[in-house]
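Reviewing the structure listed below.
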There are 2 protein chains.
Amino acid sequence: MKCSAPPAVRGRPREFDPDVALAAALRVFWTRGYEGASMAELTEAMGITKPSLYACFGNKEALFRKALDLYERDKLAYVGAALEAPTARGVAERLLRGALATHCGTSDPHGCLGVISTVACTNEVESIRAHVAARRASSEAALVERFKRASAEGDLPEGIDPAAMASCVTTVLQGLSVKAQDCACRSELEGAVDSFLSIWPSR
Amino acid sequence: MKCSAPPAVRGRPREFDPDVALAAALRVFWTRGYEGASMAELTEAMGITKPSLYACFGNKEALFRKALDLYERDKLAYVGAALEAPTARGVAERLLRGALATHCGTSDPHGCLGVISTVACTNEVESIRAHVAARRASSEAALVERFKRASAEGDLPEGIDPAAMASCVTTVLQGLSVKAQDCACRSELEGAVDSFLSIWPSR
DNA sequence: GAACCTATATACCGCTCGGTATGAAATGCT
DNA sequence: AGCATTTCATACCGAGCGGTATATAGGTTC
């Protein structure tokens, strides 16, 4: 088997890099939401024409799903890393600070693409909502497991229900995403995060 | 001056009740968001035709603003009432429980119309975002003042910044609105609220 | 070079969007 | 009765939407 080196493509070679184009599409979806992003805006940002987009990515929904994959892989990596913090409080702090950095930074659009998609998508694109909801559910389930472990390790006070506490943390995370979209000032959100962490129950 | 009793309207009388129609429009906006609500869906839900809608309410944006007024008057009354609770914790609890009842009930659409409008509105309808943001800002400012008073009264621990704590509470509120839209199960959100209140700093 | 394959560019499709012109129907005023 | 005025119902408007047909340009393989 010698199928490597030059991919040996037949026909005219593609003039754009799909990864670069997908990253550009992600920024548009992140800024406008799924329905707010028009094909015209997408193609312009990606620097390609509509037939090229459809040939390479399928259709708008398939493009969005690929963008969502990229988003979770690149921008939501902090979530997985946060779960490995040694204490429950450390997990919460990494999650909240990571959300602050990701959704309220200077180089990327503000807010969370998942939240935007969940809140904004209506009518026909319910499949996207379901897709995003499923991912979030699995992410929250992992946090619940992590907090159950923390509870067993005596890392959370006995009166605290791990699952409810995980739900509380994700609630704050999603609230931060909403506020990041219109407040624009990171300092206020940092205050909210600091407050939440300051009332975190000590073991 | 005898200008009362019969309004003495000239011309063909209107065949629908604007208040009822506006309430129906509110439900549509609440469910679909501003951009997701089409004029066809609105007119059908309101039981009137498009010319009647435009004659009575102006245009889609004006209709939305009137619906937003109705929403805040009818559905967000608990916010003002919450501020009159005797303690800061009581204020927070009334706000959170009120949000739960309003955004996660059985008779109304789930989620918060303000959050939906902020997150979903893109492009041209930025004026609506600004309008909603201004209202939320004034609401949050009132909460900050209330917490400052609580702090002065020794109702909040000294290490807690009232403004940051207010921001934290509104963050949770908005997070609840997001979760209410896709989780559907109120019990989980009650757990999040209970957790938050259970870690509330005692004076 | 010829055959073949694939990406590009342009123009176009049907559809839905928010918004409106037009004429008929229903009331109060005189 | 007849007129003025306002609402109602139907049909329509231009614009933008997601998606595509067609033809040309740019490559590899033989």
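All chains are named by letter (A, B, ...) in the order of the sequence lines, taking the proteins before the strands, and each is independently numbered beginning at 1.
In terms of heavy-atom proximity, A:Val119 sits nearest to B:Ile116 at CG1-CA, 3.7 Å.
Rounded to an integer number of Å, the gap from B:Leu63 CG to C:dC17 C1' is 16 Å. Between A:Leu42 atom CG and D:dG16 atom P there is a gap of 17 Å when expressed in whole angstrom units. Between the CD atom of B:Glu61 and the P atom of C:dC17 there is a distance of 19 Å, rounded to whole Å. We find that CD of A:Glu44 is positioned 12 Å from P of D:dC17, with the value rounded to whole Å. Summarising the geometry, the separation between CE on A:Met46 and C1' on C:dA7 is reported as 15 Å, rounded to the nearest angstrom. Straight-line distance from the CZ atom of A:Arg14 to the P atom of C:dC5: 18 Å, rounded to whole Å. Across the protein-nucleic acid pair, B:Phe16 atom CZ and D:dC8 atom C1' stand 10 Å apart, rounded to whole Å. What separates CD of B:Glu41 from C1' of C:dT16 is a distance of 13 Å, to the nearest Å.
Heavy-atom neighbours of B:Lys66 NZ from other residues, nucleotides or ligands within 6.0 Å: above the threshold of 12.
Listed by first then second residue, pairs satisfying ring-ring contact (aromatic ring centres under 6.0 Å, His included) with a partner in residues 68-93 of chain A read A:Trp30-A:Tyr71, not counting sequence neighbours. Residue pairs satisfying the salt bridge (Lys or Arg N to Asp or Glu O under 4.0 Å) criterion with at least one member in residues 99-112 of chain A, sequence neighbours excluded, are listed as follows: A:Arg27-A:Asp108, A:Lys75-A:Asp108. Pairs engaging residues 92-103 of chain B under the side-chain hydrogen bond (donor to acceptor under 3.5 Å, both in side chains) rule: B:Arg89-B:Glu93, B:Glu93-B:Arg97, B:Arg97-B:Asp194 [sequence neighbours left out].
In this structure, of D:dC17, C:dG18, C:dT8, it is C:dG18 that holds the atom nearest to the side chain of B:Met39. Checked against C:dC29, C:dG19, C:dC17, the side chain of B:Arg10 finds its nearest nucleotide in C:dC29. Closest to the side chain of B:Glu15, out of D:dC8, D:dG19, C:dT8, is D:dC8.
At a non-hydrogen distance threshold of 4.0 Å, A:Thr49, A:Pro51, A:Ser52 from residues 47-59 of chain A come into contact with DNA chain C.
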Dump every N/O contact between nucleotides 23-25 of chain D and the protein below 3.5 Å, one line per pair.
unit_1	atom_1	unit_2	atom_2	d
D:dA25	N3	A:Arg12	NH1	3.0

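Among residues two or more places apart in sequence or in another chain, the ring pair (Phe, Tyr, Trp, His ring centres under 6.0 Å) test is passed with A:Phe57 by none. For A:Tyr54, there are no ring pair (Phe, Tyr, Trp, His ring centres under 6.0 Å) partners at least two apart in sequence or on another chain.
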Could you list the donor-acceptor pairs under 3.5 angstrom formed by side chains in residues 169-176 of chain B, with sequence neighbours left out?
unit_1	atom_1	unit_2	atom_2	d
B:Thr170	OG1	A:Lys179	NZ	2.4
B:Thr170	OG1	B:Glu140	OE1	3.1
B:Thr170	OG1	B:Ala166	O	3.3
B:Thr170	OG1	B:Ser167	O	2.9
B:Thr171	OG1	B:Ser167	O	2.6

Anything under 3.5 Å between a donor and an acceptor, one on a side chain of residues 44-52 of chain A, the other on a protein residue two or more places apart or in another chain? List them.
unit_1	atom_1	unit_2	atom_2	d
A:Thr49	OG1	A:Ser52	OG	3.3

